There are 2 protein chains.
Amino acid sequence: MFNKETEYALRGLVYVQIQQMKGLKPGIAEIATEIDAPLFYTGKIMQRLVKMGFLMSTKGKGGGFYFDLTRPDLPLKAVIRAIEGAKAYSGCGFGLKSCSEDLHCSLHDQYAPIRDSINNLVSTNTVQSLARDYQKGDDILLRRR
Amino acid sequence: MFNKETEYALRGLVYVQIQQMKGLKPGIAEIATEIDAPLFYTGKIMQRLVKMGFLMSTKGKGGGFYFDLTRPDLPLKAVIRAIEGAKAYSGCGFGLKSCSEDLHCSLHDQYAPIRDSINNLVSTNTVQSLARDYQKGDDILLRRR
DNA sequence: TTATTAAAAGACAAAAAGGTCTTTTAATAT
DNA sequence: ATATTAAAAGACCTTTTTGTCTTTTAATAA
Ligand code: FES
Ligand code: FES
């Protein structure tokens with residue numbers, strides 16, 4: 001569904017949020033292990049997320065990643081847009097240059113609603129809501145097993 | 001939605017089918033132009049489709065690509081599976097290793113139905129059905145404009 | 001203030017995707 | 001037969017994605 005970088009970013013963010021709800025501040029090594037992503041690649045991605053302003057970090061002893069709790073919940077879509085670009089999940093499913101209600105391809109009537117559902121999914125779900133779901137036990141997996 | 005190769009392959013196949021319904025047998029240059037894909041890449045992809053048995057071709061004067069009309073309609077899914085692999089549109093949307101009803105991620109309940117819709121879309125639509133829709137004028141685009 | 005810790009920065013590289021071009025083979029027309 | 005046409009085969013290249021590793025910077029603790 002998403003590319004690897006987006007996948008790791010989302011899993012990483014949700015993991016940080018889960019730990020933060022327990023009063024912890026995980027570091028790169030812990031995050032990479034828990035979300036089952038490559039260590040150094042995870043580091044690079046977390047850095048990018050900090051630079052983009054999605055989360056914060058501190059160096060040195062006791063350092064790690066954490067969220068600014070004064071900021072509103074972070075929809076998955078914001079992260080996807082930042083990593084994959086604004087056009088992700090917006091164009092024609094068939095690859096045509098334009099896609100509109102009145103001029104469209106043969107897949108449009110079936111595909112457009114699906115695309116809308118995906119956009120709705122990533123807009124309504126946030127890093128925080130997924131972390132809460134996880135804690136409630138509604139979902140069982142974070143780490144890949 | 002699909003990768004470029006799949007996109008070009010599907011557009012190319014539908015174009016061949018549309019032309020075949022008019023009694024024509026298009027060549028690589030024509031196909032590439034009409035589906036707005038790179039000339040040589042299109043050639044390579046059409047060749048692969050022939051080798052995979054999805055369509056036929058003849059060399060030389062009057063040569064080009066065409067379908068064996070004795071074979072059943074070709075679902076998009078068959079082409080996608082051949083190009084992108086069997087796992088396309090089957091795994092966890094979050095990238096987790098397993099995905100099942102009883103052990104799943106927080107996105108599963110929302111994502112699984114979407115994934116099902118995509119699989120239904122590519123299973124029920126065929127190269128031939130899309131070509132017929134195009135000819136009926138239900139869809140307006142094939143070439144990207 | 002020094003050692004230690006952990007993120008930041010950035011160089012480097014492997015693999016996959018996407019694309020280009022030339023040569024060879026086979027079909028047809030003359 | 002020969003020339004012409006068009007696909008097949010395959011070498012080669014570029015870009016993007018994914019991943020690795022070392023060096024630097026900043027924070028903390030002793
Ligand atoms: S035009 Fe193809 S999905 Fe809208
Ligand atoms: S477990 Fe994630 S979509 Fe099914």
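Residue numbering restarts at 1 for every chain, and letters A, B, ... go by the order of the sequence lines. Quick caveat: nothing in here was measured; it's all calculated off a predicted structure.
Set against D:dC21, C:dA7, D:dT18, the side chain of A:K4 has D:dT18 as its closest nucleotide.
Between A:R11 atom CZ and D:dT18 atom P there is a gap of 13 Å when expressed in whole angstrom units. Rounded to a whole Å, the CG atom of B:L39 is 12 Å from the C1' atom of D:dA7. Atom C1' of nucleotide D:dA8 and atom CE of B:M56 are separated by 15 Å, given to the nearest angstrom. When the P atom of C:dA7 is taken as reference, atom CZ of A:F40 falls 12 Å away, rounded to whole Å. The interatomic distance linking A:M52 (CE) with C:dA7 (P) rounds to 18 Å, in whole Å. What separates NZ of A:K25 from C1' of D:dA26 is a distance of 13 Å, to the nearest Å. Summarising the geometry, the separation between CD1 on A:I28 and P on C:dA9 is reported as 11 Å, rounded to the nearest angstrom. In this entry the distance linking CG of B:N3 with C1' of D:dT16 reads 13 Å, nearest Å.
A side-chain donor-acceptor contact under 3.5 Å links A:Q20 to the backbone of A:F67. Judged by distance alone, the side chain of A:S123 and the main-chain N or O of A:N119 form a donor-acceptor pair under 3.5 Å. The backbone N or O of B:N3 sits less than 3.5 Å from a side-chain atom of B:E84, completing a donor-acceptor pair. Using a distance-only test at 3.5 Å, with no hydrogens or angles considered, a donor-acceptor pair links the side chain of A:R115 to the main chain of A:G91.
One finds no side-chain N or O of A:K61 lying less than 4.0 angstrom from the OP1 or OP2 phosphate oxygen of D:dA26. A sub-4.0 Å separation between OP1 or OP2 of C:dG19 and a side-chain N or O of B:Y8 is present. Dashed line: the shortest gap from a side-chain N or O of A:S57 to OP1 or OP2 of C:dA8 is under 4.0 Å. Close to D:dT4, at under 4.0 Å from its OP1 or OP2, lies no side-chain N or O of B:K59.
Positionally, the nearest nucleotide of DNA chain D for B:P26 lies more toward the 5' end than for the other of A:R48 and B:P26. If you find the closest nucleotide of DNA chain D to A:T58 and to A:E5, the one lying nearer the 5' end belongs to A:E5.
Counting all heavy atoms, side chain and backbone alike, B:M21 lies closest to B:A131 at SD-CB, 3.9 Å.
Residue-level contact check: B:G64 touches the backbone only, with heavy atoms under 4.0 Å from sugar-phosphate atoms and none from bases.
Scanning atom types as modelled, no donor and acceptor separated by under 3.5 angstrom connect the side chain of B:K44 and the base of D:dG10.
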